Asker: 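This structure is in structure tokens; I'll ask about it shortly.
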Amino acid sequence: MNNPPIQIIRFGSLASTNLEAAERAIKGAPEGVCIVAAEQTAGRGRLERHWISPKDAGLYFSIILRPTFEQKFWPLITLMSAIAVHDALLEACQLRTDIKWPNDVLFKEKKLSGILAETFDTPSGRAVVVGIGINLTSDSFPPELSATASSVEEATGKRVDHELLLNTLVSFLNAHYDGLKRPEGPDSIIECWRKRSSYAEGKQIRVTESNNTFSGTTRGLEADGALRVQADDGTMKIVRAGDVTAIRPV
Ligand code: BTN
């Protein structure tokens, strides 16, 4: 049941820790290999977005996983990773955050961390690379980001101990991934996520899908982590991909 040992490989600068991890996974690197960079020159976000990654201003981290449980539950890996980020920030920085479905960690509705889980076919089977970016300081944010993004330093008023946060994150990832692999894992990850997210139930949101936008109220998660939303016209929608934004009550 236990995970293989974690190996952390550090770089000064990389295009993207996810790409480095993917290349290594394709060459046979085992589950548990982690890539960390002080800066990224082509950091990748969801939906083809760019993840701004100035030197030492964020934690830029990717881990290789080789899950053997049913693939229909793999979307829960993103939720599990968001839980690990939430728990690591609480323990290492005494910072309580919120989780926005599926993969954003927020402080006062501003984004503090994002997660990009990508699958890659490798000679020894399909691997998942989980990339995590945590904003540590807002010093080098471009002005257009400051309305929507925050950093651990801005939220706590304290310098962040990078090593402590990295080690705490790795240890929560290990523990929650171990939990997810158990037979009751999917249900318990959903329960953990619900407890940490104001978006799980009763939140008014706007959903933007590839060719559709609607607003509604959240009504929990499906067994595979998809978001249930009761649209304003009364119909129940299941959201598996898309962007969610909170609608502020008038
Ligand atoms: C998102 O919210 O859009 C996901 C952002 C994920 C960013 C991290 S930083 C480390 C890893 N390497 C990347 O290129 N992206 C992820």
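Not measured: the values here are computed from a predicted model. Order of listing sets the numbers, starting from 1, for every ligand and every atom in it.
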Asker: Could you tell me the residue and atom name of the protein heavy atom closest to atom 15 (N) of ligand 1, and the distance to it rounded to 0.1 Å?
Answerer: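 Of every protein heavy atom, R44 O, 2.7 Å lies nearest to atom 15 (N) of ligand 1.
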Asker: Whether the T78 and N103 side chains hold a donor-acceptor pair (N or O, under 3.5 Å, no angle test) is what I'd like checked.
Answerer: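 Not at all, the side chains of T78 and N103 share no donor-acceptor pair under 3.5 Å.
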Asker: Distance under 4.0 Å to a non-hydrogen atom of G43: what atoms of ligand 1 satisfy this?
Answerer: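 This gives 14 (O) as the contact atoms.
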Asker: For ligand 1, which part of I132 has a heavy atom less than 4.0 Å away: the side chain, the backbone, both, or neither?
Answerer: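 Backbone only.
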Asker: Closer than 3.5 angstrom, by distance alone: can the side chain of K55 be matched with the main-chain N or O of S13 as a donor-acceptor pair?
Answerer: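 Not confirmed, K55 side chain does not pair with S13 backbone.
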Asker: Go through the structure and list residues passing salt bridge (Lys or Arg N to Asp or Glu O under 4.0 Å) with E91, not counting sequence neighbours.
Answerer: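 Testing E91 for salt bridge (Lys or Arg N to Asp or Glu O under 4.0 Å), a comparison that skips the adjacent residues, returns none.
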Asker: With heavy-atom distances below 4.0 Å as the criterion, list the atoms of ligand 1 near F61.
Answerer: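 Selected atoms, number and element: 10 (C), 11 (C).
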Asker: Could you tell me whether a side-chain N or O of N18 sits under 3.5 Å from a main-chain N or O of R44, the two making a donor and an acceptor?
Answerer: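 Side chain of N18 to backbone of R44, a donor-acceptor pair under 3.5 Å: no, none is there.
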Asker: Identify, for atom 8 (C) of ligand 1, the protein heavy atom at the shortest distance, and state residue, atom and that distance.
Answerer: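 Looking only at protein heavy atoms, the one closest to atom 8 (C) of ligand 1 is G133 N, 3.6 Å.
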Asker: Starting from the C-alpha separation in whole Å, work towards a yes-or-no answer on side chain to side chain donor-acceptor pair (under 3.5 Å) for Q204 and S215.
Answerer: CA-CA 7 Å; Q204 284 181 277; S215 49; over 6 Å; no
Asker: What protein heavy atom is closest to atom 9 (S) of ligand 1, reported as residue, atom name and distance in Å?
Answerer: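 Result: Q40 NE2, 3.3 Å.
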Asker: Begin with the C-alpha distance, continue with both residues' side-chain angles, and end with the deciding distance and a verdict on side chain to side chain donor-acceptor pair (under 3.5 Å) for T148 and K111.
Answerer: CA-CA 6 Å; T148 53; K111 184 156 168 168; over 6 Å; no
Asker: Using the test salt bridge (Lys or Arg N to Asp or Glu O under 4.0 Å), find all partners of D87 that sit at least two apart in sequence or belong to another chain.
Answerer: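 In terms of salt bridge (Lys or Arg N to Asp or Glu O under 4.0 Å), with neighbours along the sequence ignored, D87 is linked to R196.
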Asker: As an exercise, identify every atom of ligand 1 less than 4.0 angstrom from a heavy atom of T17.
Answerer: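 The list of qualifying atoms is 10 (C), 11 (C), 12 (N).
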Asker: Return the residue, atom name and 0.1 Å-rounded distance of the protein heavy atom closest to atom 3 (O) of ligand 1.
Answerer: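 Answer, as residue, atom name and distance: R46 N, 2.7 Å.
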Asker: Tell me the contacting part of S53 for ligand 1: side chain, backbone, both, or neither, using a 4.0 Å heavy-atom threshold, strictly below.
Answerer: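 The answer is neither; S53 stays 4.0 Å or more away.
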Asker: Looking at D104, which atoms of ligand 1 are within less than 4.0 Å of one of its heavy atoms?
Answerer: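 Answer for ligand 1: 2 (O).
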Asker: Considering distance alone, does some N or O of K111 sit under 3.5 Å from an N or O of ligand 1?
Answerer: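 Yes, there is a polar N/O contact under 3.5 Å.
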Asker: Any link between L106 and I99 through a network of hydrophobic side chains (Ile, Leu, Val, Met, Phe, Trp, Tyr) touching at under 4.5 Å?
Answerer: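 In one cluster: yes.
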Asker: Examine W51 against ligand 1 and note whether any of their N/O atoms are separated by less than 3.5 Å.
Answerer: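 No; the residue has no nitrogen or oxygen that sits under 3.5 Å from a nitrogen or oxygen of the ligand.
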